[in-house]
Amino acid sequence: MIMILLGAPGSGKGTQAKVLSAKYGLRHLATGDIFRSEIAAGTPLGRKASEYVKSGKLVPDALVSEMVAGRLEFDGGDTLLDGFPRTLEQAQSLAGFLAPHKAGVDLVAYLNLPRAEILKRLTSRRVCLACGEVYNVVTRPPAQEGRCDKCQGEVIQREDDSEATVLKRLMVFEDLTQPLVAYYKSENVFREIDADRSPEAVSADLSAMIDQAAAAR
Ligand code: AMP
């Protein structure tokens with residue numbers, strides 16, 4: 001099964017992806033995480049992507065699609081895509097990778113959240129540099145300020161989670177999502193979820209959708 005989690009930055013894609021990939025044994029491919037680790041490691045790809053990621057712009061389609069093609073290594077395994085595709089061009093590239101394997105996207109789950117809530121979540125979000133655990137200074141601060149509860153790593157605010165950059169990322173998302181939504185609706189794989197609820201309630205809905213999509217295959 002190929003499943004896509006679609007949603008604005010801060011809609012809970014990463015949190016849900018962790019839960020679902022553990023529950024269903026899905027391979028989790030998160031393009032934002034990959035770019036951040038390539039940037040931290042100073043690889044050629046990281047150097048090319050760095051300016052875009054730090055300023056909240058999208059990395060050019062050709063670079064993203066090439067990177068995903070290299071990692072998708074399609075083997076019939078179940079995959080959860082998180083943060084990709086983000087544009088119609090990327091969705092078309094993905095369809096192109098899958099077609100020779102007689103595969104396609106089985107489910108696109110869109111986590112819908114009001115703009116004000118997204119802004120609140122993102123500007124109070126903090127992440128562990130070492131293990132990626134996500135905190136929130138208002139609702140879930142680490143026990144010791146700046147230290148991860150799980151691995152003692154350094155907990156920081158992502159450079160692109162500042163208010164000005166968040167606003168830019170949201171505008172980019174809103175502009176590019178409409179055509180993507182229309183495309184997946186026309187493919188009859190699009191489902192929408194109210195993400196303005198507890199992570200557990202959202203996970204329960206997503207699980208039901210995955211069960212349904214798996215039964216329909
Ligand atoms: P995320 O962690 O998904 O919010 O992604 C962080 C940043 O990585 C984005 O603001 C983009 O700069 C870049 N990025 C991640 N995925 C993509 C993608 N599919 N297309 C273009 N840029 C991406």
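Note that this is a predicted model, so its numbers are computed, not measured.
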For this session: Locate the shortest heavy-atom distance separating Asp82 from Gly14; write the atom from each residue and the value.
Result: OD2-CA, 3.7 Å

For this session: Could you tell me whether the side chain of Ser11 reaches within less than 4.5 Å of the side chain of Asn112, counting heavy atoms only?
Result: no

Exercise. Does a side-chain heavy-atom distance below 4.5 Å link Leu5 with Met3?
Worked result: yes

Exercise. Under 4.5 Å between any side-chain heavy atoms of Leu122 and Arg125, yes or no?
Worked result: yes

Exercise. Are Val108 and Leu180 close enough that some pair of their side-chain heavy atoms sits under 4.5 Å apart?
Worked result: no

For this session: Would you mind checking if Glu145 and Arg126 are paired as a salt bridge, meaning a charged N to carboxylate O distance below 4.0 Å?
Result: no

Exercise. Just wondering, are more than 12 heavy atoms of other shown residues or ligands nearer than 6.0 Å to CD in Glu174?
Worked result: yes

For this session: Apply salt bridge (charged side-chain N to carboxylate O under 4.0 Å, His left out) to Lys185 and Glu192, showing your working.
Result: CA-CA 10 Å; Lys185 275 186 176 163; Glu192 189 163 331; 5.3 Å; no

For this session: Flag the pair Leu80 / Tyr24 as yes when at least one side-chain heavy-atom distance between them is below 4.5 Å, and no otherwise.
Result: no

Exercise. Do the non-hydrogen side-chain atoms of Asp106 and Ile210 ever get within less than 4.5 Å of each other?
Worked result: no

Problem set entry | Pairwise side-chain contact, Arg86 with Leu176, heavy-atom cut-off 4.5 Å (strictly under) | no

For this session: Identify whether the distance between the nearest side-chain nitrogen and carboxylate oxygen of Asp160 and Lys168 falls below 4.0 Å.
Result: no

Exercise. For Gln152, does the CD atom sit with more than 12 other heavy atoms under 6.0 Å from it, leaving out its own atoms?
Worked result: yes

Exercise. Between the main-chain N or O of Gly7 and the side-chain N or O of Lys13, is there a donor-acceptor pair closer than 3.5 Å?
Worked result: yes

